[in-house]
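As structure tokens, the structure follows; a few thoughts come after it.
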Amino acid sequence: MIGISGRTRVCALIGDPVWHSLSPTIQNAAFEHLGLDYVYVAFNVSAENLEKAILGVRGLGIYGLNITMPHKISIIKYLDILDESARRIGSVNTVLNRDERLVGYTTDGVGALNALRYAGVDPSGKKIVILGAGGASRAISFTLAEYARELIILNRTVERAVDLARNIRDALGDLVNVKAGELADRNLERELKDADILINATSIGMKPNDSETPVRCDFLHSNLTVFDIIYEPLETRLIREARIAGAKTIDGLSMLIHQGAASFEIWTGMRAPVEVMKEAALKKMREAEGYNRGMKDDW
Ligand code: ATR
């Protein structure tokens with residue numbers, strides 16, 4: 001690690017829990033690679049301590065923040081300025097302390113957009129099916145609606161999908177083609193036939209439920225790009241079955257890296273070293289896997 005001095009800019013993750021976060025690894029690798037005098041730490045902050053934590057950020061002059069569960073919405077009332085997309089989406093995952101004013105951004109949507117582009121997939125003019133209507137889907141849907149020919153939002157609780165589609169139309173105008181429906185086989189079968197991109201923004205398939213998948217494998221095909229934002233496990237059942245079906249696949253680590261890269265660029269004004277960040281994350285994940293295996297063997 002670069003020598004920490006009285007001038008070092010401190011960035012921090014605030015969430016609950018943060019113990020297993022890869023963000024410190026990813027961000028410190030990037031700072032170090034570019035020789036920047038920044039350091040990134042993580043604070044476990046409960047919902048009841050959020051206000052005090054933000055007072056601390058102001059008092060200590062902490063330079064940048066990442067915000068994760070469960071504070072992405074509740075943080076908003078403690079900030080001074082919201083960037084346009086954070087305001088629209090109603091969620092903040094990045095804060096910049098600019099001249100003692102806390103400015104909130106969201107990089108979840110642009111993270112997904114850049115993960116697609118990095119994999120050589122341009123969402124412009126494409127039919128995109130997104131599963132889920134929670135916070136992550138909201139950010140991704142708002143961003144991709146501006147590019148897609150057609151965006152279909154499918155969710156278990158159909159009302160949430162309908163609300164999200166309406167919010168997007170209200171914000172972006174009737175020109176965007178956004179539809180909503182229930183996350184059910186009949187809709188998946190119909191919508192996936194001629195779709196170009198499928199994004200899983202639900203938690204279906206996440207550890208410990210990694211034997212689950214949101215989509216029957218016979219609905220997947222080789223003209224699809226399948227993007228799963230889950231990164232634990234790195235290869236979800238959906239990603240595995242998509243690969244077998246001949247689809248192009250993008251995993252959740254790519255989302256994590258590109259969303260982190262966008263935060264890095266907000267804090268530093270420099271281009272993020274995406275490859276370095278990805279390698280650092282993979283190394284850490286492999287170490288954790290070995291450690292967990294070791295633990296199991298010991299038991
Ligand atoms: P996030 O911020 O990660 O998006 P969230 O806001 O809790 O988290 O959203 C989780 C998403 O996964 C929701 O779309 C949720 O569907 P509901 O709106 O119906 O709750 C979806 N989800 C979670 N578990 C699910 C399951 N077992 N089956 C179907 N959808 C599920």
Side-chain angles (χ1 to χ4, degrees), residues 13-18 20-23 47 50 66-76 85-86 88-94 104-113 115 128-145 151-168 178-189 191-192 198-217 219 226-234 236-239 241 250-260 263:
L13 171 66
I14 287 185
D16 186 13
V18 297
H20 296 288
S21 172
L22 287 171
S23 294
L50 182 62
N66 271 145
I67 310 297
T68 188
M69 295 253 288
H71 308 310
K72 284 187 179 186
I73 298 170
S74 46
I75 183 89
I76 290 175
S85 73
R88 237 188 228 160
I89 293 164
S91 155
V92 162
N93 78 337
T94 304
Y105 301 82
T106 176
T107 67
D108 287 332
V110 76
L113 175 64
I128 303 177
V129 177
I130 184 161
L131 314 181
S137 170
R138 214 179 143 78
I140 299 169
S141 296
F142 259 96
T143 303
L144 295 185
L151 179 71
I152 313 287
I153 304 167
L154 302 179
N155 196 45
R156 174 177 62 183
T157 312
V158 69
E159 297 77 24
R160 284 184 93 190
V162 170
D163 280 351
L164 175 53
R166 189 182 318 112
N167 290 165
I168 294 172
V178 186
K179 295 188 192 112
E182 190 192 345
L183 179 52
D185 277 354
R186 62 179 191 288
N187 289 338
L188 284 166
E189 183 173 28
E191 298 300 345
L192 286 176
L198 165 67
I199 303 174
N200 177 34
T202 72
S203 44
I204 305 173
M206 193 187 288
K207 258 184 195 164
N209 302 317
D210 41 357
S211 63
E212 294 175 6
T213 175
V215 182
R216 266 173 47 181
C217 60
F219 298 162
V226 177
F227 180 7
D228 197 336
I229 70 164
I230 292 172
Y231 67 88
E232 271 187 316
L234 201 50
T236 57
R237 180 172 162 196
L238 175 64
I239 290 284
E241 292 181 346
I250 306 174
D251 63 36
L253 182 61
S254 188
M255 168 81 186
L256 184 76
I257 298 293
H258 286 279
Q259 159 216 289
S263 299

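Atoms within a ligand are numbered from 1 in the order they appear, just like the ligands themselves. Only heavy atoms go into these numbers, but all of them, side chains included; no hydrogens, no water, no symmetry mates.
Side-chain N/O atoms of Ser23 and Asn66 include no donor and acceptor closer than 3.5 Å.
For ligand 1, the polar-atom distance check finds an N/O of Asn155 within less than 3.5 Å of one of the ligand's N/O atoms. Of the N or O atoms in Ala136, one or more lie within a sub-3.5 Å distance of an N or O in ligand 1. In terms of N/O distances under 3.5 Å, ligand 1 is not approached by Ile204. When only interatomic distances are considered, the shortest N/O to N/O separation between Ser137 and ligand 1 does not fall below 3.5 Å. Taking distance alone, with nitrogen or oxygen atoms compared against 3.5 Å, Ala133 approaches ligand 1 more closely than that limit.
Remark: Asp185 engages Arg216 in a salt bridge (Lys or Arg N to Asp or Glu O under 4.0 Å) (not counting sequence neighbours).
Distance check on atom 10 (C) of ligand 1: every protein heavy atom falls at or beyond the 4.0 Å cut-off. Protein heavy atoms are absent from the 4.0 Å sphere centred on atom 7 (O) of ligand 1.
Closest protein heavy atom to atom 17 (P) of ligand 1: Thr157 OG1, 3.4 Å. Here the heavy atom of the protein found nearest to atom 21 (C) of ligand 1 is Thr202 CB, 3.7 Å.
For ligand 1, the atoms closer than 4.0 angstrom to any heavy atom of Arg160 are 6 (O), 13 (C), 17 (P), 18 (O), 20 (O). Within the listing of ligand 1, atoms 14 (O) sit less than 4.0 angstrom from a heavy atom of Gly132.
At least one donor-acceptor pair under 3.5 Å links the side chain of Arg237 to the backbone N or O of Ser211. With hydrogens and angles ignored, the 3.5 Å screen pairs a side-chain donor or acceptor of Asn187 with a backbone N or O of Glu182.
No option in Asn200, Asp251, Asp228 other than Asp228 meets the side-chain hydrogen bond (donor to acceptor under 3.5 Å, both in side chains) test with Thr236.
Nearest-residue assignment for atom 24 (N) of ligand 1 (options Pro70, Ala201, Ser203, Gly134; heavy-atom criterion): Ser203. The option with the heavy atom closest to atom 22 (N) of ligand 1, from among Arg156, Glu182, Arg138, is Arg156.
Here the side chains of Asp108 and Lys72 are in contact, with some heavy-atom distance below 4.5 Å. At least one side-chain heavy atom of Leu50 sits under 4.5 Å from a side-chain heavy atom of Ile14.
Here Arg166 pairs with Asp163 in a salt bridge; the nearest charged N to carboxylate O distance falls below 4.0 Å.
When all heavy atoms of Thr107 and Ser263 are compared, the pair lying nearest together is OG1-OG, 3.5 Å.
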